[in-house]
Amino acid sequence: MLSGGRGRGPPVQGGFGGSLEDAFPSRQPGGGALVPRGGSAGRQLQTNQMGSNQMVQAFSGGVSRSERALVAGTDGSVAEVEANILQAVRTFGAPPGAKKMMDAERLAAEEAMRTGLYGIWRNASSSHDFCGRIGPMSRCFCGHDYGAHAWSKGRKEPRPKCGSCGCPGFRYIPRRPEEVGEWWLPRRRGFDVRLWRANCKCGHSHEEHDSSSLRCRGCGCPSFSSAWECVSCEGKWQDHETLWESEEERRHCGRSVGQAFMPLSSTPE
Ligand SMILES: [Zn+2]
Ligand SMILES: [Zn+2]
Ligand SMILES: [Zn+2]
Ligand SMILES: [Zn+2]
């Protein structure tokens, strides 16, 4: 179904503050309802506004936007999450991007375990370890994939440089509308995710902004300022940083490493 792995994370007690809409939005701009309101998920939403921190800590590993989206509106237990997904899938069909997003997270986690370098996109002012894992399927602000970027020999620089353009260092940018809360978009007739780009408030995409100065070539706006919020932390793009941590650094800070860094649904238990 949504996640290839049928692995079981630990059942999680306590509330979850995320909105059901993160996963399967009940509203779209046109006003059409995607998810029936009410039911246990609906009640959960109202009672659990305080619970997101506990929820995040309760997971053994890091939890990113796609995982949070999958547990949204539930008590976090596997049974509730699956029921939630099943219900939504029965009603609306599988959310187009969910599998893709989970695949990207899994590949990134595998890369981290292989290299010992944990690439993450983090909003330091949020309580989350990270909002996304950086890996082969991640897109840079310059428009090129992570794979087009290379580290120098000693990896002394903070971020790898792009080999396809003048981009001075990889900066994570969402590559799917779901990551910026536009869950309805992929369902639109004729929508092509390959053409979709995350936009600045100025109306131009990140590719129209200089990857070094962040200034817009289209209108001269001085710096990319996201027109959207991260579905994980609700911060703006510019509230985040792209960084790589070693396993030791992460251990030292009590952050997940190794198998615990894998996405929720593929964590064997
Ligand atoms: Zn580039
Ligand atoms: Zn780049
Ligand atoms: Zn701009
Ligand atoms: Zn975020």
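Ligands are counted one by one from 1 in listed order, and the atoms in each one are counted from 1 as well. Residue numbers start at 1 and run along the sequence shown.
Contact annotation: Cys162 places no N, O or S atom under 2.8 Å from the Zn ion (ligand 2). Among the atoms of His204, none of the N, O or S atoms falls under 2.8 Å from the Zn ion (ligand 3). Within the 2.8 Å limit, His149 places at least one N, O or S atom next to the Zn ion (ligand 2). Metal site remark for the Zn ion (ligand 3): His209 contributes an N, O or S atom at a distance under 2.8 Å. Under 2.8 Å from the Zn ion (ligand 3) lies no N/O/S atom of Cys219, from backbone or side chain alike. Taking 2.8 Å as the criterion, Cys167 counts as a coordinating residue of the Zn ion (ligand 2), since one of its N, O or S atoms falls below it.
Closest non-hydrogen pair, Glu208 versus His204, comes out as OE2-CD2, 3.3 Å.
Note on the Zn ion (ligand 4): protein N/O/S atoms under 2.8 Å are Cys131 SG, Cys230 SG, Cys233 SG, His240 NE2.
For Lys236, the NZ atom counts as densely surrounded, since its 6.0 Å shell holds more than 12 non-hydrogen atoms of other residues, nucleotides or ligands.
Judged by distance alone, the side chain of Glu207 and the main-chain N or O of Phe141 form no donor-acceptor pair under 3.5 Å.
Aromatic ring centroids of Phe261 and Phe130 lie under 6.0 Å apart.
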Would you sort out whether Trp228 and Trp237 count as a side chain to side chain contact (heavy atoms under 4.5 Å, CB included), showing the intermediate values?
CA-CA 8 Å; Trp228 39 270; Trp237 177 81; 3.5 Å; yes
What do the steps show when you test Trp244 against Tyr118 for ring pair (Phe, Tyr, Trp, His ring centres under 6.0 Å), and what is the final call?
CA-CA 5 Å; Trp244 282 262; Tyr118 292 70; over 10 Å; no
